[in-house]
Amino acid sequence: MKYEYKHEHEITYSEVDKNVKLGLLNSVLFAQDMMTKYFRTIGSDNYTTKINDNALWVVAKTRINFTKFPKWLDTIKGHSYTAQTKLARVELETTFKDKNDNILFVVNQESCPIDITTRKIRKINTISYPTDMETIDAIHKEPFLKLDTFFEDIDKVYSFNVLSTDIDFSNHVNNAVYVRYILNTFPSDFWNDKTITYFEIHYIRETKEGQLLTIFKKEIDIGTIDLLIKDDMSEIIRAKIIYI
């Protein structure tokens, strides 16, 4: 069966940035909400898998290609679907279009289920997930980037402790919170005359409340910035921002 989820939404004032546009952070939040609602329609949302399967879905990678940022009071149309199902991972794509069906941005996500007790990856066939899932061809079929920039102490921006409000239903730092950490490495007026065209983030390890993290940032080229968040021992996330 072809499973998909569609939803229209008028952007509210609380969802825009200082430039009255949706911005990167809220674009990630919109994609997260669409994915959650999509999984709900197929009976595989985190609330269901936690109760039935002792498992939770986690996002491993997210990529966003931006054409245009919508603004306050714009109506956007979201469409989520499965592009590929693998042994232990699902690739999802969500398109966001304006009222005239012009693409605003496209989000690709790779997710996998983990066991609540062991926190290890589970196979798809061990959790609540449709056995008759049909896929829809993705607009962006290219593989995720290999984020392997080497960072030095000079690239360190700041260190911080994970706060209680950063934690979500999965009992770890919410995916979108890392985007907020990243955006806080830029001064507020940085984006006054710049626009993000591409964003990619890889979630490597979970983090918990009270954990001390450090974020690093390096300009790779004009308009391209790579970032790393780590604790004392391990890498937590890697990300790339491209802007014009």
Side-chain angles (χ1 to χ4, degrees), residues 1-6 28-64 78-95 106-148 166-179 199-209 211 229-231 233-239:
M1 182 180 295
K2 184 181 292 184
Y3 294 90
E4 53 190 325
Y5 177 77
K6 295 181 179 181
V28 172
L29 286 168
F30 267 47
Q32 182 172 277
D33 284 345
M34 283 290 296
M35 182 180 71
T36 300
K37 292 174 182 176
Y38 171 61
F39 272 109
R40 182 68 173 171
T41 66
I42 65 176
S44 193
D45 57 280
N46 269 354
Y47 186 79
T48 301
T49 57
K50 181 178 183 179
I51 294 173
N52 295 342
D53 311 309
N54 194 47
L56 293 167
W57 285 97
V58 296
V59 177
K61 298 175 183 178
T62 296
R63 173 181 66 216
I64 310 180
H79 181 201
S80 293
Y81 43 88
T82 296
Q84 189 172 12
T85 301
K86 299 181 181 179
L87 184 65
R89 295 180 185 270
V90 171
E91 294 182 8
L92 306 172
E93 185 171 78
T94 301
T95 63
V106 179
V107 183
N108 297 89
Q109 295 174 299
E110 183 180 272
S111 299
C112 60
I114 62 170
D115 190 273
I116 292 177
T117 304
T118 66
R119 310 307 280 192
K120 293 183 178 180
I121 295 176
R122 295 261 297 269
K123 293 181 179 179
I124 301 297
N125 62 10
T126 68
I127 66 166
S128 303
Y129 187 80
T131 57
D132 60 348
M133 174 65 71
E134 293 182 16
T135 59
I136 297 176
D137 284 342
I139 294 174
H140 292 288
K141 298 182 176 67
E142 64 273 15
F144 287 90
L145 298 176
K146 185 176 182 180
L147 304 182
D148 56 2
D166 297 335
I167 306 301
D168 63 12
F169 179 75
S170 299
N171 200 33
H172 62 198
V173 174
N174 184 269
N175 298 333
V177 171
Y178 291 108
V179 180
F199 175 72
E200 183 165 330
I201 183 169
H202 297 182
Y203 301 98
I204 303 166
R205 287 179 176 82
E206 299 178 280
T207 52
K208 307 289 185 178
E209 182 180 349
Q211 198 164 339
I229 296 178
K230 64 187 296 291
D231 61 15
M233 301 296 295
S234 306
E235 294 187 1
I236 307 302
I237 70 100
R238 281 181 173 266

For the side chain of Tyr38 and the backbone of Glu4, is there at least one donor-acceptor N/O pair under 3.5 Å apart?
no
Does Thr48 use its side chain to pair, donor to acceptor, with the backbone of Ser44 at less than 3.5 Å?
no
Under the criterion side-chain hydrogen bond (donor to acceptor under 3.5 Å, both in side chains), which of Thr82, Thr41, Asp132 is the partner of Tyr3?
Asp132
Using the side-chain contact (heavy atoms from CB on, under 4.5 Å) rule, take Arg238 and Ile201 through it: C-alpha gap first, then chi angles, then the decisive distance, then the call.
CA-CA 6 Å; Arg238 281 181 173 266; Ile201 183 169; over 6 Å; no
Pair Lys61, Tyr203 - check side-chain contact (heavy atoms from CB on, under 4.5 Å), show working.
CA-CA 6 Å; Lys61 298 175 183 178; Tyr203 301 98; over 6 Å; no
Check Arg89 against Ala60 and note the closest heavy-atom contact, atom names and distance.
NH1-CB, 3.4 Å
Do you know which two heavy atoms are closest between Cys112 and Ala88, and how far apart they sit?
CB-O, 3.1 Å
If we check side chain to side chain contact (heavy atoms under 4.5 Å, CB included) with Thr207, which of these qualifies: Asp166, Ile167, Val173, Ile237?
Val173
When you compare the side chain of [Y] with that of [X], does any pair of heavy atoms fall below 4.5 Å?
X	Y	result
Thr94	Val106	no
Phe199	Val179	yes
Leu92	Gln84	no
Val90	Glu110	no
Ile236	Tyr178	yes

Restricting to side-chain hydrogen bond (donor to acceptor under 3.5 Å, both in side chains), what partner residues turn up for Thr135, sequence neighbours left out?
none
side-chain hydrogen bond (donor to acceptor under 3.5 Å, both in side chains) with Asp53: which residues, sequence neighbours excluded?
Ser128
Among Lys37, Lys50, Arg40, find the one that has a salt bridge (charged side-chain N to carboxylate O under 4.0 Å, His left out) with Asp45.
Arg40
Go through the steps for Thr62 and Asn108 under the test side-chain contact (heavy atoms from CB on, under 4.5 Å), then give the verdict.
CA-CA 6 Å; Thr62 296; Asn108 297 89; over 6 Å; no
Looking at Tyr81, Trp57, Tyr129, which hits ring pair (Phe, Tyr, Trp, His ring centres under 6.0 Å) with Phe39?
Trp57
Validation: residues 137-147 side-chain donor-acceptor distances under 3.5 Å, sequence neighbours left out:
from, atom 1, to, atom 2, distance (Å)
His140, ND1, Glu142, OE2, 3.4
Lys141, NZ, Ala138, O, 2.8

Pairwise distance [atom1]([X]) to [atom2]([Y]) - rounded to 0.5 angstrom:
X	Y	atom1	atom2	value
Asn46	Leu56	CG	CG	4.5 Å
Asn125	Thr85	CG	OG1	11.5 Å
Ser234	Ile229	OG	CD1	14.0 Å
His172	Lys208	NE2	NZ	7.0 Å
His202	Glu235	NE2	CD	12.0 Å
Met35	Ser111	CE	OG	4.5 Å

With sequence neighbours excluded, what pairs up with [X] under the salt bridge (charged side-chain N to carboxylate O under 4.0 Å, His left out) test?
X	answer
Glu209	none
Arg122	Asp115
Lys86	Glu91

For a salt bridge (Lys or Arg N to Asp or Glu O under 4.0 Å) check, start with the C-alpha distance between Arg119 and Glu206, then their side-chain angles and the critical distance, and finish with the verdict.
CA-CA 9 Å; Arg119 310 307 280 192; Glu206 299 178 280; 2.5 Å; yes
Residues, nucleotides or ligands: over 12 heavy atoms within 6.0 Å of Tyr47 OH
no
